[in-house]
Enquirer: 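Below: one structure in structure tokens.
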Amino acid sequence: MNILEIIENKKNAKELSKEEIEYFVKNYTNGEITDYQASALIMAICINGMTQDEILTLTVAMANSGDVLDLSDISKNIVDKHSTGGIGDKITLIVTPIIASLGVPVAKMSGRGLGITGGTVDKLESIPGYNTNLSIEEFKKNIKEIGISLIGQTVNLAPADKKIYALRDSIGCTKSIPLIASSIMSKKIAAGANAIVLDVTCGSGAFMKDKEEARKLAKMMTLIGKWAKRKTVCVLTNMDEPLGYAVGNSLEVIEAVKALKEEMPKDVKSVVVKLATEMLNLAYKNSSSSDNKKKILEVIENGKAYEKFKELVQKQGGDVSYIEDTDKFEKAPIIAPVLCEKDGFVEELNAEKVGKAGLELGIGRMKKEDLIDSRVGIVFEKKIGDKVKKGEVLAYVHGNSPEKANTCVNNILSAYKIGTKKVSKKNIIEVI
Ligand code: URA
């Protein structure tokens, strides 16, 4: 067997055998297969898809490419969450301390930005000192001691996904049900949680643009979860406009901290409460959604979730003074307003256009090796349904050069559609 035959088979839309998939995963992880050969195969998978059996095999091979954690000595009740990606999606930073503050351990391995979507690891690393690169022993120790750890894929967990994920990001192969489902579920299986809640985003700023595609992805991940004996629930959420008001790494951390400490934007709150409720429903067998929701609102109100976030940051080496005083985060040198050109209502704030504008601004990576600037991003003042006046500020662009900031101002302006009617919005679409 060799990689050229495997590429040829997938190029011709043939079903790959278990041996072929395992051969690819093993030899790409250990460096025998080159990036350009892996790119060809990933592109062929992206175009020709995979059968259910191929997807299961790929998921298991990626999960087994490194260590598979057994956390049963910590708890049999460990719940994980993951999002299929979005614009302004800072939900993990808010939901996980809520759950941990309610005594349910959280063991979460997150990703970096993918395509136009942001990644939790990039956001966490904007907190000075925060270490996403823990050993498995430290990861487990933190969960034991404070009930939560949020790390990147730097430990030896699903290393095959880490390589394939970064490659997909740089070759335009982010949108693919087999690749997304296997990427997410391999990480979840390797990280050892017993139950998983998946936020399947749907809309212009998500990989899945419509409900049908999002449902297909959700069903595939639920099937993998069932097969791997992990209780899995998917919540379909709207990603037609960015979530919350901030898009950008440190800007989103600031918004998440404020959401835990002061006030949560309405759309963020609806997703946070729904996902957290589903996580508690899975963790506590015979509990009711309404009781769980009450508990969630309580730990937000009484500050316990905020205190848990601070504990997490401190435990992973982060400077907590930035969480206590978010003004300490370094600001981008240029803050440019996006001005409204007519009176009316915001009818659309296209999340995909915002994501692309953010990528150009430096929030994400164009190439695997690119460095990101954690200061840059966009802070919206007006979102769908808001009344606006000509000359009013719609958003502020935080840029690191006048050229990039100017381009972004124009791009953001084109993401807005101002109409004459007030539009209503819905954040939670359905639970699968
Ligand atoms: N999140 C992941 O971990 N992988 C994907 O492919 C998409 C979102």
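Everything numeric in this text was worked out from a predicted model, so none of it was measured. Every number for a ligand or one of its atoms is a count from 1 in the order of the listing.
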Enquirer: How many angstroms lie between atom CG of Leu41 and atom OH of Tyr36, to the nearest 0.5 angstrom?
Expert: 14.5 Å

Enquirer: With sequence neighbours excluded, tell me which residues meet side-chain hydrogen bond (donor to acceptor under 3.5 Å, both in side chains) with Glu430.
Expert: Arg215

Enquirer: For Gln316 and Ser149, which I'm curious about, is there any donor-acceptor pair between the side chains at under 3.5 Å?
Expert: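 Looking only at side-chain atoms, Ser149 and Gln316 do form a donor-acceptor pair, the distance falling under 3.5 Å.
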
Enquirer: Search all heavy atoms of Gly205 against all heavy atoms of Ile116 and return the closest pair with its distance.
Expert: O-CD1, 4.5 Å

Enquirer: Which parts of the protein, at residue level, reach under 4.0 Å of ligand 1 through a heavy atom?
Expert: His82, Ser83, Thr84, Leu114, Tyr165, Arg168, Ile180, Ser183, Ile184, Lys187

Enquirer: Going by the side chain to side chain contact (heavy atoms under 4.5 Å, CB included) test, name the single residue among Ile127, Leu124, Thr120, Ile372 that passes it with Asn249.
Expert: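 That would be Ile372.
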
Enquirer: Can you tell me how far apart CZ (Phe24) and CD1 (Ile45) are? Round to the nearest 0.5 Å.
Expert: 6.0 Å

